[in-house]
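Notes follow the structure.
The analysis underlying the following values was restricted to heavy atoms, covering all of them including side chains, and did not include hydrogens, waters or symmetry mates.
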Amino acid sequence: MNIRQRILISFGLLARCYGLFWNLELSHLLANRPEITVPTTSFKQLKEGIFLYSKGLNPYDGGIFRQSPIVLKIYSILRIPQLSSLFMIIIDCLIAFTIYYIAIERVEHQKRAIQKWNAVSGSFEKDNIEEEPKKVDKSVPKEKPIDPFDAPALFFANPYGIATCIAKSTIGLNSLAVVLGLLFAIKGKSC
């Protein structure tokens, strides 16, 4: 990991921590912005659903609560605001680690493709015995291998990701599910 990647990851984590723990005005401001939170990912709606759930009422009656039941169960355990803020940062870190593993899989795939390409490009193909062998094009694939740390570094420095984390949007859980699904699909595993 080079210094640029470390700076990006540190910046992203510090911005999330600052917005969630020390600058509550920014958190409340971003939580009310429609570009960042919508009713299906709003922390305010989630708190209303948790309140109804804790009182023994069904939060899904009346169409006010739109979160998934697993999100309701997870956040009903995290009643302390600092725990929910820390949980948001942990979710973003899990997404970054998953993106890192996806990037590692991509690098391994690139290495295998280049090895296969080199093995094929050095061989000759014969269509008929009488014809001269045709040489295969020896040009190497044009993709430059990526550094696996670039992907999580860019994820942490993404302003939209920082804003959704500070606003306590539950979109992070949805993103984690999508990224984990992508990782399992790449590895060829099922959940």
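- Residues satisfying the ring pair (Phe, Tyr, Trp, His ring centres under 6.0 Å) criterion with Phe87, sequence neighbours excluded, are Tyr75.
- Listed by chain and residue number, Lys187 satisfy the salt bridge (charged side-chain N to carboxylate O under 4.0 Å, His left out) test with Glu105 (two or more places apart in sequence, or in another chain).
- With sequence neighbours excluded, the residues forming a side chain to side chain contact (heavy atoms under 4.5 Å, CB included) with Val38 are Thr40, Thr41, listed by chain and number.
- Shown here are the side chain to side chain contact (heavy atoms under 4.5 Å, CB included) partners of Lys111, two or more places apart in sequence or in another chain: Val107, Glu108.
- Thr164 places no side-chain N or O within donor-acceptor distance of the main-chain N or O of Ile36, the cut-off being under 3.5 Å.
- Residues meeting the side-chain hydrogen bond (donor to acceptor under 3.5 Å, both in side chains) test with Asn174, sequence neighbours left out: none.
- Taking the ring pair (Phe, Tyr, Trp, His ring centres under 6.0 Å) definition, one finds that Phe149 meets it with Tyr100, sequence neighbours left out.
- We find the CD1-CD distance between Ile50 and Gln45 to be 12.0 Å, quoted to the nearest 0.5 Å.
- The salt bridge (charged side-chain N to carboxylate O under 4.0 Å, His left out) search around Glu35 returns Arg33, not counting sequence neighbours.
- For Leu52, the side chain to side chain contact (heavy atoms under 4.5 Å, CB included) partners two or more places apart in sequence, or in a different chain, are Leu57, Pro59.
- Taking 4.5 Å as the limit, some side-chain heavy atom of Leu86 sits within range of a side-chain heavy atom of Ile90.
- Looking at Ser10, its side chain never comes within 3.5 Å of a backbone N or O of Ile7 through a donor-acceptor pair.
- Under the rule for a side chain to side chain contact (heavy atoms under 4.5 Å, CB included), the partners of Tyr60 that lie at least two apart in sequence or sit in another chain are Asn58, Phe65, Pro69, Leu72.
- Sorted by first and then second residue, the salt bridge (Lys or Arg N to Asp or Glu O under 4.0 Å) pairs with a member in residues 52-63 form an empty list; sequence neighbours excluded.
- Looking at heavy atoms from C-beta onward, Ile186 lies out of side-chain contact with Tyr101 at the 4.5 angstrom threshold.
- The side chain to side chain donor-acceptor pair (under 3.5 Å) pairs that include a residue from residues 88-97 are Arg16-Asp92, where partners are two or more places apart or lie in different chains.
- For Arg66, the side-chain hydrogen bond (donor to acceptor under 3.5 Å, both in side chains) criterion is met by no residue, not counting sequence neighbours.
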